[in-house]
Every structure is written in structure tokens, then in C-alpha cells.
Amino acid sequence: MATDGKVITCKAAVAWEPGKPLCIEEVEVAPPKAHEVRIKVVATGVCHTDWEYLFETGKGMKFRPFPLVLGHEAAGIVESIGPEVTRVSPGDKVIPLFLPYCGECERCLSPKTNHCKKNWTNMQAGVLADGTSRISCKGQQVYQFLGVSSFSQYTVVPDTSVAKIRSDAPLDKVCLLGCGVSTGYGAAINAGKVEKDSSCAVFGLGAVGLAAVMGCKVAIARRIIGVDINPDKFEKARQFGATDCINPRDYSKPIQEVVVEMTGGGVDYALECVGSPAIMNAALESTRDAWGTCVIAGWTETETMSISVEKLLMGRTLKGTYFGASALSSAFKILKQRINLKCLPHKMKYSVTFITFCIVFVILC
């Protein structure tokens, strides 16, 4: 391509400091170095984690340096590759990944986890393997949120943090696989291992929660209860497979007590998809003793849960999941086979203006 090996000037939504609106800026995106891939971002999702980091950093989120470009749920086309890259080629459709997959370390080779640590520390700090970002603005380095930065028209990621997808994949749909859908669906299928004819409760019906509902349905759960304080989400949840939808604000008692009464003792599986310790506790307490399983998929980094030990001693299992506990070598193939992409929630595309993007970013989240 004509831009191969050259700095690309493009638009990006830059967060200059915590708590302030994004600014549309011209940024420079440097060419990829060894084992790096430069991507033209075609579609990006708006994940609550992006909003939370911008407006609640230091509360539920660890501090990461500013200025930075947010966005970590996207799909695009490889513009160019650095030396020693063999996984993808220019022109390939890809999904950038905030969780790496080197395919060689102990964790990648284990069926027990997807927690590859290749470049993990640097990506969490917003830089690549050499300790620097590939994005700059006004002569200043701009950090890459979770090593991705999909709120830029171009970005650079490690070759261990990119997944090649089919050439006919609709990028405005599959961008959701970069976070929300993989996380929620995997929470049900991989982490929770939801069984046929079981009962489930999904707390939070955003993109992650809807994907969890979908996972429960694929597992042929008998009953799937969606829980959310926004009743406008219930219709979509039913389309995805929820058999019941309840609003905690409609009850005078704690919602976990409502779920226990509805199910005659509690659900077999509860999936927390919000990231609130209070809701995590409610999800755990909504499960049946002796064998109930609660999976935490909602994201928070600094908050803590307060659990009655008796709840666990009575046979419940509490576990967490990151990116749906999916081994990335096979996750997208499985998702493609089982998910109807036409049903996925609409996500933003770069066909809208960047000013509209910033306004909607605040409204949606």
C-alpha cells in the first residue's frame, strides 16, 4: 500500500485528562515495528469500560496515564505489517484483541485458561513491547487503552493481539466479538458451563448480558431470567432467549430473594454482567445451595466483594472470567458457528462524524 512504512495522519477521539469530554484531533500513527500490525479501524464498539475509565478512573478502575485513545472492541483491515509478522497480511480482515494470544506460553498451551501474559503489562499501561505508543498528537505521545485504541481511524497492535477473520465477515457486526459478545457468551459456555435443562439468571442486560443470555440458550437452559433496572432492554433480551425479565425496582425485597422465590430455591447458574460488587453478591445469593454456580463477568479492578462464607460452604461456586475464558485460537470459530450475527446489538461505525461519535459515546454509556 502507498502508506506502507510511512506515518499516517488521521482522526482520533483523544482523552486528554480524566473526567473531560473526548476531543477530535489529528493524530500521527507510526508504522508498525517488528511483530506489530497497523490496522485501519472500520467499526468500533462502545464498551462501558471505556466510559468507566474516562469518568470513574481511580474508583472502580486503576489509573492509567493520559492522554490516551480509548476503545478496545473493534474490527478492521490490516493496512501494513512489521518485520517478522506471519499471522496476518495486508488486506486481511481482523479483530484487535486486548487479551493477547501468543500460542506458545504455558497458559496458551493449557485448556484451563486464556490468560496469556505476552506483552500484558505493557498493554495494560497503554504501550507496546518497546514501552512506547505508536500514536502521537501535537508532538506528544498518546497512550493506547489496553493496547488497542479503536477510537482512532488507524491503530497499531502486537501480532499476538490480533485475530484474522473471514473475508466476508461484516465488520460492523463482528467488532462485538472483540469484547462484549465473547465475554458474555463465554461466561455462560466456557466459565459457567451451563447445562441443558438448567435454570439461569443474567444480571445486567447490556451487550455482555445479552451475549450471556444467548450462551444460556445455546446450552439449552430451561429457564433464563434477565435482571435489569431498565425495562427497555427486556424485549431484546427475550429475542436473545430470556424466558423471564424482572426489574429490581419493581420489588420491595432484594432481587436475589425474588429470584430464589421464582425458582423454588435459586437458579443453577447466575451470571453477573455489570461489574458492581453489590450485584455480584446478589447474583451469588440467587443461586441454589449445594450446586449453584455464580460467574462474574462484569469488570471492576479496585472494588471488593463482601461474602458470607456460609454461602460457599453450602456448596456454591463463585468464579470469575476474563474475555469469556475463551482460547482465542478457537473462540471465534465457535462463535461464528453458533451466533446469528444479524441479531447482535447495533454498534457505532466510522460512517458517523466524529463529533456525533463523541456525543453518542457519552449518551450510550
Side-chain angles (χ1 to χ4, degrees), residues 35 47 49 61-62 72-73 87 94-125 128-129 145-148 157-165 176-195 200 202 207-209 211-212 214-216 218-219 269-275 277 280 283-284 287 291-305 307 312 316-339:
H35 291 291
C47 181
T49 302
M61 298 286 287
K62 295 177 182 177
H72 62 281
E73 181 183 62
R87 294 184 175 192
V94 294
I95 294 175
L97 305 169
F98 60 87
L99 177 64
Y101 177 77
C102 72
E104 299 174 350
C105 69
E106 179 184 24
R107 295 188 176 196
C108 284
L109 296 176
S110 170
K112 298 179 180 179
T113 184
N114 61 343
H115 292 189
C116 176
K117 291 295 184 179
K118 182 78 170 181
N119 294 323
W120 170 264
T121 301
N122 280 3
M123 291 180 70
Q124 290 293 307
L128 302 187
F145 186 57
L146 301 181
V148 178
V157 300
D159 61 354
T160 52
S161 297
V162 63
K164 181 180 177 180
I165 56 178
L176 290 163
L177 301 182
C179 181
V181 170
S182 297
T183 298
Y185 184 87
I189 297 296
N190 300 318
K193 300 187 185 305
V194 173
E195 296 175 317
C200 305
V202 177
V208 176
M214 186 161 44
C216 294
V218 168
Y269 301 93
L271 302 124
E272 195 278 347
C273 301
V274 179
M280 293 174 187
L284 175 64
T287 60
W291 63 70
T293 294
C294 177
V295 179
I296 307 300
W299 186 251
T300 182
E301 294 178 322
T302 63
E303 298 179 279
T304 59
M305 291 179 65
I307 303 170
L312 301 180
R316 294 177 179 87
T317 297
L318 175 65
K319 62 194 307 184
T321 181
Y322 191 71
F323 200 37
S326 301
L328 301 182
S329 58
S330 59
F332 294 148
K333 294 179 182 178
I334 295 172
L335 286 164
K336 175 181 66 67
Q337 293 168 357
R338 297 183 178 178
I339 291 178

If you look at every heavy atom in L128 and P158, which pair is closest and at what distance? CD2-CD, 3.9 Å

To the closest 0.5 Å, what do you measure between OG (S182) and CD (E73)? 8.5 Å

Report the distance from atom OG of S161 to atom CG of L97, rounding to the nearest 0.5 Å. 6.0 Å

Checking R107 against T113: is there a side-chain donor and acceptor pair closer than 3.5 Å? no

In Å and rounded to the nearest 0.5 Å, what is the SG to CD1 distance from C179 to I95? 11.5 Å

Here the gap from C102 atom SG to W120 atom CH2, rounded to the nearest 0.5 Å, amounts to 13.5 Å

Drop me the distance from L176's CG to T183's OG1, to the nearest 0.5 angstrom. 11.0 Å

With the side chain counted from C-beta on, respond yes when Y101 and T160 share a heavy-atom pair under 4.5 Å apart, and no when they do not. no

Quick one: list whatever passes side-chain hydrogen bond (donor to acceptor under 3.5 Å, both in side chains) with E104, sequence neighbours left out. none

Nearest heavy-atom approach of G215 to I189 is O-CD1, 3.3 Å

Compare every heavy atom of V202 with every heavy atom of C273, then report the nearest pair and how far apart it is. SG-CG1, 4.1 Å

Looking only at non-hydrogen atoms, find the nearest pair between F323 and N114 and report the distance. O-ND2, 3.8 Å

Check: Y185 side chain, V208 main-chain N or O, donor-acceptor pair, under 3.5 Å: no

Checking side-chain polar atoms at under 3.5 Å, does E303 have a donor or acceptor matched by the opposite partner on T300? yes

Counting only N and O atoms by type, is there a donor-acceptor contact under 3.5 Å from the side chain of K164 to the main-chain atoms of R87? no

For T317 versus L284, what's the shortest heavy-atom pair and its separation? O-CD1, 4.5 Å

Minimal non-hydrogen separation, P277 against T304, with atom names: CB-O, 3.4 Å

N119 side chain to A129 main-chain N or O, any donor-acceptor pair under 3.5 Å? no

Pairwise distance OG(S110) to NE2(H115) - rounded to 0.5 angstrom: 11.0 Å

Start with the C-alpha distance between K319 and T293, add both sets of side-chain angles, then the distance that settles side chain to side chain contact (heavy atoms under 4.5 Å, CB included), and finish with yes or no. CA-CA 8 Å; K319 62 194 307 184; T293 294; 4.3 Å; yes

Check whether any side-chain N or O of Q124 sits under 3.5 Å from a backbone N or O of L146 as a donor-acceptor pair, and report yes or no. no

Evaluate the ring planes of F98 and H72, with Trp represented by its six-membered ring, and classify them as parallel (under 30°), tilted (30 to 60°) or perpendicular (over 60°). perpendicular

For E272, the option from L318, I296, V295 that meets side-chain contact (heavy atoms from CB on, under 4.5 Å): I296

Could you walk me through whether M123 and K118 pass side chain to side chain contact (heavy atoms under 4.5 Å, CB included), step by step? CA-CA 9 Å; M123 291 180 70; K118 182 78 170 181; over 6 Å; no

Restricting to ring pair (Phe, Tyr, Trp, His ring centres under 6.0 Å), what partner residues turn up for W291, sequence neighbours left out? none

